[in-house]
Amino acid sequence: MPTVLHGKHIVLGVTGSIAAFKAADLASKLTQHGAAVDVVLTPDAARFVTPLTFQALTHRPVTTDLFDPRAAIAMDHVALAQRADVIVVCPATAHTLARLALGLADDALAATVLASRAPLVVVPAMDAQMFDHPAVQEHVARLHARGARIVGPMEGRLASGLVGRGRMAEVPEVLGHLRAVLGAATGDLRGTTIVVTAGGTREPLDPVRVLTNRSSGKMGYAVAEAARDRGARAILITAPTALPDPPGVDVRRVETALEMREAVLAACRDADALVMTAAVADYRPAAPAPQKVKKGAPTWTVELVETPDILTEAGAAAPALVRVGFAAETTDLVAAARAKLVRKGLDLIAANDVSAAGSGFGADTNRLVLIDREGRVEDLPVLPKFDAAWILLDRVRALLASGWTRP
């Protein structure tokens, strides 16, 4: 399924940093996603990675000179600037940050940025203590005030052997921010807020042990990323998972069902839709032990009490909210999902058989059965979870656009 990057014109500016080798990976990934990538190298960048490298990866000419007599058209940087959907400077050295902040135009990259009104993403990379220098921070603040998105840098080991803040953000994070910027500019869910829950809650038995389930959170994270790519403000309320925070998504971490309830109700006050993919515990210990329970007794009896019904409460608190539930089942999939949809008064439910191949916990794929409040059943094939999330959001968008009212 095409992503928000497909068919977009992206100008990738590369400057003189050892991190320039990561820019080659970024150019390759963008090209694989169907973007047309025009690379602009500063003279110092070409000392680290050659123009031929980027030309081989992108299958497009590389710009290195402000007035290159070999360019297809005169003033090529102006043409690049005009057709760009987004410009990303990655890596951006301290020198480049200063030149962009001051509006200089003495090389092909700076002139392209100055001539364009496309969104600007800047990915700083420099050695220890440089990024924290007041001069650099002033330039970063000035770029941010103009609307540039600053990605990183991270703490870590630097080329000098020192450890500090200055390491370039990793390519997946840069890609995520580019997708967020493009979604905000062109996505069909711009202006909406979509709340997504993910993961399996943990209910403490004592300070060491918890009751939980097998949810990996992958489906919920895929829905949040798809919502971001389509321009929505995506709020991801997640129970503990092993997944990294999706760039460009408002991530709010919780642990228990009660914490998730409070976070969801707060987030849904101004939201347009709630997609409840989280596997929330149905029951929790009535009185968790204050200290670790030692092994020794032949049995351990725990009293469990029912947890709140978050989807139902969210609907009562925000009647205009589009509510989408998930039903993870092992038998009677459609009947059980339909009963849950009716019981909770949902607008849509996505059911999956977690015992089936390619549809269980932890898988990268899912096979969803979508059931709406009119009783229509749509059986999707096994798909990557992001693709399944995209189709699910198609149905959410249709509900939001239809002027529907809750029955």
Residues 289-298 vs side-chain hydrogen bond (donor to acceptor under 3.5 Å, both in side chains), sequence neighbours excluded, gives none

Residues that His139 engages under side chain to side chain donor-acceptor pair (under 3.5 Å), provided they are two or more places apart:
none

In chain order, what residues pass the side chain to side chain donor-acceptor pair (under 3.5 Å) check against Arg228, with sequence neighbours excluded?
none

If a pair satisfies side-chain hydrogen bond (donor to acceptor under 3.5 Å, both in side chains) and one of its residues is in residues 39-57, list it, with sequence neighbours excluded.
Thr50-Thr53

Which residues pass the side chain to side chain contact (heavy atoms under 4.5 Å, CB included) test with Arg165, sequence neighbours left out?
Phe131, Asp132, Gln137, Pro153, Glu155

Six-ring centre of Trp390, Arg230 cation under 6.0 angstrom, axis tolerance 45°:
yes

Mind checking what makes side chain to side chain donor-acceptor pair (under 3.5 Å) contact with Arg60, not counting sequence neighbours?
Asp38

Could you pull out all residues at least two apart from Gln32 that satisfy side chain to side chain donor-acceptor pair (under 3.5 Å)?
Ser28

Please list, chain by chain and in numerical order, all residues satisfying side chain to side chain contact (heavy atoms under 4.5 Å, CB included) with Asp282, sequence neighbours excluded.
none

Using the side chain to side chain contact (heavy atoms under 4.5 Å, CB included) criterion, which residues pair with Ala278? Sequence neighbours excluded.
Thr197, Met260, Val280

Any side-chain hydrogen bond (donor to acceptor under 3.5 Å, both in side chains) pairs touching residues 12-26, not counting sequence neighbours?
Lys22-Glu170, Asp25-Lys29

Can you name the side chain to side chain contact (heavy atoms under 4.5 Å, CB included) partners of Thr193, sequence neighbours left out?
Arg233, Ile235, Ala271, Asp272

Strictly by salt bridge (charged side-chain N to carboxylate O under 4.0 Å, His left out), give each pair with a member in residues 107-122 just once, sequence neighbours left out.
Arg99-Asp107

Between Thr238 and Tyr221: side-chain donor-acceptor atoms closer than 3.5 Å
yes

